[in-house]
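Read the structure below first, then the notes.
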Amino acid sequence: TMFFACTIYITLVIARYATLAKLIRDSRANIENHNLKFNNQDEYSFHISHYEKRLRLLRYTLYLSLFGGIALCASLLFLLMKFAIISSFIFGLHLILVLFALITLVYELAVSFEALTEHLEIMRSWKDKF
């Protein structure tokens with residue numbers, strides 16, 4: 001069961017990374033084409049810092065989950081070779097790595113929510129324009 005859960009989790013993290021990568025590429029293209037303008041340097045710095053923070057957290061999450069998956073496979077291998085004690089230690093390592101991966105993913109989601117809240121605040125300030 002943990003093997004399939006780990007595979008689904010890694011796929012989820014890769015999908016979040018792909019979404020963030022597309023967002024960063026689209027933002028760059030919009031800035032270069034003058035389709036995206038910032039009100040001041042602070043607003044631009046806010047976006048850049050959040051992109052950097054999210055990218056770093058997703059990298060940690062992906063590495064932790066990948067190494068957790070490797071530990072899970074190694075645990076199964078040692079179990080098949082009748083090394084139950086080593087297998088249980090490696091499975092414990094797997095659980096710890098996946099736990100830390102989940103913590104970093106939750107933190108990345110919190111950073112993402114901060115950015116979305118900032119966008120909503122900007123949109124609320126535009127309501128006078130309509």
Side-chain angles (χ1 to χ4, degrees):
T1 304
M2 288 298 292
F3 184 76
F4 294 112
C6 189
T7 306
I8 291 169
Y9 182 73
I10 291 170
T11 304
L12 169 78
V13 174
I14 290 171
R16 287 201 58 76
Y17 169 77
T19 302
L20 180 61
K22 183 177 179 343
L23 179 65
I24 292 172
R25 282 192 300 271
D26 290 348
S27 295
R28 178 184 171 192
N30 286 333
I31 291 170
E32 287 175 346
N33 296 330
H34 303 290
N35 294 334
L36 180 63
K37 295 182 175 129
F38 296 99
N39 293 329
N40 54 34
Q41 181 70 26
D42 292 336
E43 187 179 353
Y44 177 76
S45 297
F46 174 83
H47 287 282
I48 294 298
S49 69
H50 275 73
Y51 286 160
E52 289 173 340
K53 196 183 302 183
R54 286 183 65 193
L55 194 58
R56 184 177 57 251
L57 287 168
L58 282 173
R59 182 178 61 221
Y60 293 155
T61 303
L62 186 59
Y63 285 149
L64 287 168
S65 59
L66 285 173
F67 287 130
I70 291 169
L72 180 62
C73 292
S75 173
L76 289 172
L77 179 67
F78 281 111
L79 190 61
L80 290 173
M81 295 185 333
K82 309 275 192 238
F83 295 115
I85 294 172
I86 296 172
S87 177
S88 62
F89 284 125
I90 294 175
F91 185 75
L93 175 66
H94 158 73
L95 291 177
I96 291 169
L97 290 171
V98 170
L99 176 68
F100 282 126
L102 285 170
I103 290 169
T104 57
L105 182 64
V106 169
Y107 188 53
E108 188 272 331
L109 287 170
V111 171
S112 177
F113 288 142
E114 284 179 21
L116 288 175
T117 303
E118 177 71 18
H119 285 291
L120 281 175
E121 290 300 320
I122 291 169
M123 291 173 68
R124 284 188 186 117
S125 70
W126 291 348
K127 71 179 179 181
D128 297 334
K129 294 181 180 182
F130 299 107

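Distance check, rounded to the nearest 0.5 Å: CZ of Arg59 to CG of Leu64 gives 11.5 Å. Distance check, rounded to the nearest 0.5 Å: OH of Tyr44 to OG of Ser49 gives 11.0 Å. Here OG of Ser65 is found 7.5 Å from CD1 of Ile14. Values are rounded to the nearest 0.5 Å. Asn30 CG to Asp26 CG: the interatomic distance, rounded to the nearest 0.5 Å, is 6.5 Å. Annotation: the span from Gln41 atom CD to Ile48 atom CD1 amounts to 9.5 Å, rounded to 0.5 Å. Note that CD of Glu114 is 11.5 Å distant from CG of Leu109, once rounded to the nearest 0.5 Å.
In terms of the ring-ring contact (aromatic ring centres under 6.0 Å, His included) criterion, Tyr63 has no residue partners (sequence neighbours excluded).
Listed by chain and number, the hydrophobic cluster partners of Phe78 are Leu77, Met81, Phe83, Ile86, Ile90, where partners are ILVMFWY side chains within reach of under 4.5 Å, directly or through others.
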Mind listing the side-chain donor-acceptor pairs of residues 93-101 below 3.5 Å, one per line with the distance, residues two or more places apart or on another chain?
from: His94; atom 1: ND1; to: Gly68; atom 2: O; distance (Å): 2.7

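By the rule that hydrophobic residues join a cluster once side-chain heavy atoms approach within less than 4.5 Å of another member, Val111 and Tyr51 end up as members of separate clusters. With hydrophobic clusters built from ILVMFWY side chains whose heavy atoms lie under 4.5 angstrom apart, Tyr60 does not share a cluster with Ile70.
Residue pairs meeting the salt bridge (Lys or Arg N to Asp or Glu O under 4.0 Å) criterion with at least one member in residues 38-53, sequence neighbours excluded, do not occur. For residues 68-85, no residue pair satisfies the salt bridge (Lys or Arg N to Asp or Glu O under 4.0 Å) rule, not counting sequence neighbours. Within the structure, side-chain hydrogen bond (donor to acceptor under 3.5 Å, both in side chains) contacts touching residues 11-21 (residues at least two apart or in different chains) are Arg16-Glu108.
No more than 12 heavy atoms of other residues, nucleotides or ligands lie within 6.0 Å of CD1 in Ile85, so this atom counts as exposed by the packing criterion. Heavy-atom contacts from other residues, nucleotides or ligands closer than 6.0 Å to OH of Tyr107 number 12 or fewer.
Contact record, Thr61 with Leu105: OG1-N, 3.4 Å, taken as the closest heavy-atom pair. In terms of heavy-atom proximity, Leu79 sits nearest to Ser87 at CB-OG, 3.5 Å.
Residues Leu23 and Arg54 have side chains in contact (heavy-atom distance under 4.5 Å, counting atoms from C-beta outward).
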